[in-house]
Amino acid sequence: LEVNRILHAAAAGPAAASFRLLRTQVLQRLEEHGWRSLAVFSARGEEGRTTTAINLAIQLANDQRHTVLLVDFDLHTPRVASLLGLSPAHGVDDLLRGTAVVSECLYHPQSVDRLVILPAREPVEHPSELIAGPRGRALVEELRARYPDRILLFDLPPLLGPDDALAFAPLVECGLLVVAEGITARQDVTRSLELLRRTPILGTVLTRAAEAQHPA
């Protein structure tokens, strides 16, 4: 986990402190609006989106008032399971194909009691049609109904590529935009926010910064 920049729930240091601050800000805004579903977006790949989603999920679950379900909906390059050292036998790709049920696809990382992972095992063809189509919508509704008090956190593919993330955005109540210092172009941030204009964005998270990672 350390090699993959995944922070233990009890980790110390500036990065851990920054994610705890991010957690508090996110929880305040979720509670203010009565929201429970949150997507993590990025303009392009290699900007730290999945690492941010995992570390935020761990810190949200570390708050004893909440449980968290982290869903890997990047069906082009799923990475949540590999970054956490999981080798799932079933995943969200199986759910969307109709070859598994939710209870077969949930995994509990060690040492994070209130965090559950719904990973994706492998890429699929035509993912935007799956995640924003009838099966994807039915899955999101099932997750909402099955876990009425749980925060649902979705890791999505880049916005400025295939249309998966944009197609899925209406199914969540709000989002965070991950921006990488020295990598994300200003025009990509502008274009991403334009595409997400109908989705409430809680803020941005700056990664790969000279200082500790922090919400902007």
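Heavy atoms only: backbone and side chains are in, while hydrogens, waters and symmetry mates are out. Residues take their numbers from the sequence shown, with the count starting at 1.
Considering OG of S37 and CZ of R150, their distance stands at 14.5 Å, rounded to 0.5 Å. Interatomic distance, S192 OG to Q187 CD, rounded to the nearest 0.5 Å: 10.5 Å. With values rounded to the nearest 0.5 angstrom, L196 atom CG is found 7.0 Å from L166 atom CG. Distance check: R114 CZ to L69 CG gives 15.0 Å after rounding to the nearest 0.5 Å. Within the model, atoms CG of L152 and CG of L38 stand 9.5 Å from one another, a figure rounded to the nearest 0.5 Å. Note that CZ of R197 is 7.5 Å distant from CG of L195, once rounded to the nearest 0.5 Å.
Counting only heavy atoms from C-beta outward, the side chains of E173 and P200 never approach each other to under 4.5 Å.
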Would you give me the side-chain donor-acceptor pairs under 3.5 Å for residues 99-108, sequence neighbours excluded?
residue: T99; atom: OG1; partner: D94; partner atom: O; Å: 3.2
residue: E104; atom: OE1; partner: V101; partner atom: N; Å: 3.1
residue: Y107; atom: OH; partner: A89; partner atom: N; Å: 2.9
residue: Y107; atom: OH; partner: H90; partner atom: N; Å: 3.2
residue: Y107; atom: OH; partner: H90; partner atom: O; Å: 3.3

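In terms of modelled atom types and a separation under 3.5 Å, the side chain of E47 and the main chain of R44 share a donor-acceptor contact. Here the side chain of R23 pairs no donor or acceptor atom with the backbone of L56 at under 3.5 angstrom. Side-chain atoms of D72 come within 3.5 Å of backbone N or O of R79 as a donor-acceptor pair. Distance alone, capped at 3.5 Å, places no donor-acceptor pair between the T51 side chain and the G48 backbone.
Following chains of ILVMFWY side-chain contacts shorter than 4.5 Å, one can reach I58 starting from L86, so the two form part of one hydrophobic cluster. If you chain together hydrophobic residues whose side chains sit under 4.5 Å apart, V140 and Y147 fall into the same group.
Annotation: E46, atom CD; neighbour count of heavy atoms from other residues, nucleotides and ligands within 6.0 Å does not exceed 12. The number of heavy atoms from other shown groups lying within 6.0 Å of CD (E194) is above 12. Counting non-hydrogen atoms of neighbouring residues, nucleotides and ligands closer than 6.0 angstrom, the CD atom of E122 exceeds 12 such neighbours.
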Problem set entry | Test log, rule side chain to side chain contact (heavy atoms under 4.5 Å, CB included), inputs R144 and R36 | CA-CA 9 Å; R144 289 182 194 276; R36 293 190 300 107; 3.9 Å; yes

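Applying the side chain to side chain donor-acceptor pair (under 3.5 Å) criterion to T24, with sequence neighbours excluded, gives no partner residue. In this structure, the side chain to side chain donor-acceptor pair (under 3.5 Å) partners of S128, at least two apart in sequence or on a different chain, are D163. Residues satisfying the ring pair (Phe, Tyr, Trp, His ring centres under 6.0 Å) criterion with H33, sequence neighbours excluded, are W35. Legend: residues meeting salt bridge (charged side-chain N to carboxylate O under 4.0 Å, His left out) with R29, ordered by chain and number and at least two apart, are absent. Qualifying salt bridge (charged side-chain N to carboxylate O under 4.0 Å, His left out) partners for D155, counting only residues two or more places apart in sequence or in other chains: R49.
Between F73 and F168, the ring-plane angle classifies as perpendicular under the 30° and 60° cut-offs.
Among the candidates D93, L96, I131, the single residue satisfying the side-chain contact (heavy atoms from CB on, under 4.5 Å) test with V124 is D93.
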